[in-house]
Asker: 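Below you'll find the structure I mean.
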There are 2 protein chains.
Amino acid sequence: MRSPEDLTVAFRSAGLKVTPQRQLLFRLLHDNTTHPTADALHHVASELMPGISLRTVYQTLTDLAEMGELQSIEVGSGSMRFDPNVSDHHHAVCDQCGAVHDVYVTHAPELHGLDSFSVSDAHIVYRGLCGLCSATGSHR
Amino acid sequence: MRSPEDLTVAFRSAGLKVTPQRQLLFRLLHDNTTHPTADALHHVASELMPGISLRTVYQTLTDLAEMGELQSIEVGSGSMRFDPNVSDHHHAVCDQCGAVHDVYVTHAPELHGLDSFSVSDAHIVYRGLCGLCSATGSHR
DNA sequence: TGCTAATTAGCAATCGATGCAGATAAGGTT
DNA sequence: AACCTTATCTGCATCGATTGCTAATTAGCA
Ligand SMILES: [Mn+2]
Ligand SMILES: [Mn+2]
Ligand SMILES: [Zn+2]
Ligand SMILES: [Zn+2]
């Protein structure tokens with residue numbers, strides 16, 4: 001995802017308006033590696049801008065996704081997660097604390113036994129214990 | 001997942017009862033490769049046993065999953081899918097018709113750049129077009 | 001045949017997400 | 001700077017998938 005400044009320009013030239021709510025979300029998402037849910041994002045946004053609506057968070061996330069500035073991923077946590085990192089990568093989910101980490105796979109795994117299927121995308125979800133949780137053994 | 005006959009024995013020895021509803025679901029799930037949702041399963045079950053409750057389908061699916069007879073997978077279709085194939089495998093989802101196919105990957109892809117994460121499981125979801133849809137170009 | 005605990009069906013409730021509409025404000029125009 | 005058009009915001013209703021709850025039923029054993 002681009003910088004808040006770049007996004008401001010991009011939104012305006014796309015006919016979209018740049019509101020204080022959106023500027024806040026731009027800042028909160030930029031370089032954010034936590035893969036937040038809409039609700040998590042709304043929580044932290046609410047502390048900086050009391051009254052901001054969860055609906056607005058969803059709306060802005062949808063806009064950003066449609067512009068290709070972020071991707072929405074599904075890692076089995078029940079709710080969608082949003083990722084400003086739009087590079088081709090995968091994810092590791094901690095079964096203990098729920099943290100989602102970026103994973104880069106050297107070689108894309110090939111299909112075996114499905115000749116007629118033309119693959120356009122592949123996403124790997126690893127499950128296990130993150131460094132913190134496997135070390136201490138007691139997180140959340 | 002084991003045969004309906006084996007499941008009957010397994011359920012009884014686990015203190016669970018074997019009802020006509022469950023026997024029907026055992027049969028509908030055995031060797032089922034369609035990765036149905038609870039709702040899809042309920043639809044076909046309803047034709048053979050009018051009045052069977054969706055709640056009962058969910059309950060039986062939960063019981064089977066807890067017994068390790070099937071796994072529930074999440075492929076981004078919005079609802080959970082149930083798979084009587086409990087072997088270690090992955091899935092290919094058709095973006096056109098939504099069909100879910102089994103995929104067997106020869107070598108498990110290695111992690112890169114995440115030393116401290118101990119992986120216990122990995123699941124790959126491929127997206128693209130299935131044989132039928134890429135051939136005809138018009139399904140659903 | 002009886003007893004008792006498990007199951008069923010129906011309905012309420014929950015949760016994440018989206019639809020809707022009136023009030024508001026962004027931002028280009030005069 | 002005042003104005004106008006249109007997108008946006010918020011609150012609330014709605015929706016789909018799933019789970020909670022409970023009275024009535026039934027499986028399965030004694
Ligand atoms: Mn990521
Ligand atoms: Mn499968
Ligand atoms: Zn962890
Ligand atoms: Zn298809």
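Quick note: numbers below take in every heavy atom, side chains included, and nothing from hydrogens, waters or symmetry partners. Sequence lines set the chain letters: A, B, ... in the order given, protein chains first and strands last, and positions in each chain run from 1.
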Asker: Given atom NE2 of A:H42 and atom P of C:dA17, what is their separation to the nearest angstrom?
Answerer: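 Rounded to whole Å, this separation is 14 Å.
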Asker: Nearest whole angstrom, please: distance from the C1' of C:dA17 to the CG of A:L41.
Answerer: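 Computing the A:L41:CG to C:dA17:C1' distance gives 15 Å.
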Asker: In whole angstroms, how far is the P atom of C:dG16 from the CD atom of A:Q59?
Answerer: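 Roughly 19 Å, once rounded to whole Å.
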Asker: Could you tell me whether the phosphate oxygens of C:dA25, OP1 or OP2, come under 4.0 Å of any side-chain nitrogen or oxygen in A:Q21?
Answerer: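 No, no such contact exists.
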Asker: Just checking A:I52: base, sugar-phosphate only, or nothing, at a heavy-atom cut-off of under 4.0 Å?
Answerer: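 Answer is sugar-phosphate: A:I52 comes under 4.0 Å of backbone atoms only.
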Asker: Taking atom P of C:dA17 as reference, at what distance in whole Å does atom CD1 of A:I73 sit?
Answerer: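 Rounding to the nearest Å, CD1 of A:I73 and P of C:dA17 are 13 Å apart.
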Asker: In whole angstrom, what separates B:L61's CG from C:dT8's P?
Answerer: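 Whole-Å distance recorded here is 12 Å.
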Asker: Roughly how many Å is it from CE in A:M49 to C1' in C:dA25, rounded to a whole number?
Answerer: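 Interatomic distance, CE of A:M49 to C1' of C:dA25: 13 Å.
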Asker: OP1 or OP2 of C:dT8 versus the side-chain N and O atoms of B:T19: is any pair under 4.0 Å?
Answerer: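 The answer is yes; a side-chain N or O of B:T19 sits under 4.0 Å from OP1 or OP2.
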Asker: Identify, with sequence neighbours excluded, every residue that meets salt bridge (Lys or Arg N to Asp or Glu O under 4.0 Å) alongside B:D63.
Answerer: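 Listed in chain order: B:R22.
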Asker: Among the nucleotides D:dG11, D:dT18, C:dG27, which one has an atom lying closest to any side-chain atom of A:S53?
Answerer: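 The listed nucleotide nearest to A:S53's side chain is D:dG11.
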Asker: Does any non-hydrogen side-chain atom of B:V93 lie less than 4.5 Å from one of B:S77?
Answerer: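 Side chain of B:S77 against side chain of B:V93, heavy atoms only: no contact under 4.5 Å found.
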Asker: Could you give the CZ-to-P distance, from B:R12 to C:dT7, as a whole number of Å?
Answerer: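 Atom-to-atom, B:R12 to C:dT7, this comes out as 12 Å.
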Asker: Is it the case that the side chains of B:D39 and B:T37 hold a donor-acceptor pair, with the cut-off being a distance below 3.5 Å and no angle test?
Answerer: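 Their side chains do not contain a donor-acceptor pair, so the 3.5 Å distance test is not met.
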Asker: Nearest nucleotide by nearest heavy atom, which residue falls closer to the 5' end of DNA chain C, B:R22 or A:F82?
Answerer: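 Looking at the nearest nucleotide for each, B:R22 comes out on the 5' side.
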Asker: Of A:F11 and B:L16, whose nearest nucleotide on DNA chain D comes first from the 5' end?
Answerer: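 Comparing both residues, the 5'-ward one is A:F11.
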Asker: What is the distance, rounded to the nearest whole Å, between atom NZ of A:K17 and atom P of C:dG28?
Answerer: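 Whole-Å distance recorded here is 10 Å.
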Asker: If we ignore angles and hydrogens, is there a donor and acceptor under 3.5 Å between the side chains of B:D102 and B:H35?
Answerer: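 Side chains of B:D102 and B:H35: pair found under 3.5 Å.
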Asker: State whether the distance check finds a donor on one side and an acceptor on the other, under 3.5 Å, for side chain A:R55 versus base C:dG19.
Answerer: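 For A:R55, whose side chain was compared with the base of C:dG19, there is a donor-acceptor pair (under 3.5 Å).
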Asker: Less than 4.0 angstrom between a side-chain N/O of B:T56 and OP1 or OP2 of C:dA9, yes or no?
Answerer: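 Affirmative; the distance criterion is met.
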Asker: Under the criterion side-chain contact (heavy atoms from CB on, under 4.5 Å), which of B:L41, B:L61, B:V44, B:L64 is the partner of B:L25?
Answerer: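 Of all the options given, the one that passes is B:L41.
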Asker: A:D63 or B:R81: which one's nearest nucleotide on DNA chain D is closer to the 5' end?
Answerer: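 Per heavy-atom nearest nucleotide, the more 5' residue is A:D63.
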Asker: Does C:dT18 have its OP1 or OP2 closer than 4.0 Å to a side-chain nitrogen or oxygen of A:Y58?
Answerer: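 The answer is no; no side-chain N or O of A:Y58 sits under 4.0 Å from OP1 or OP2.
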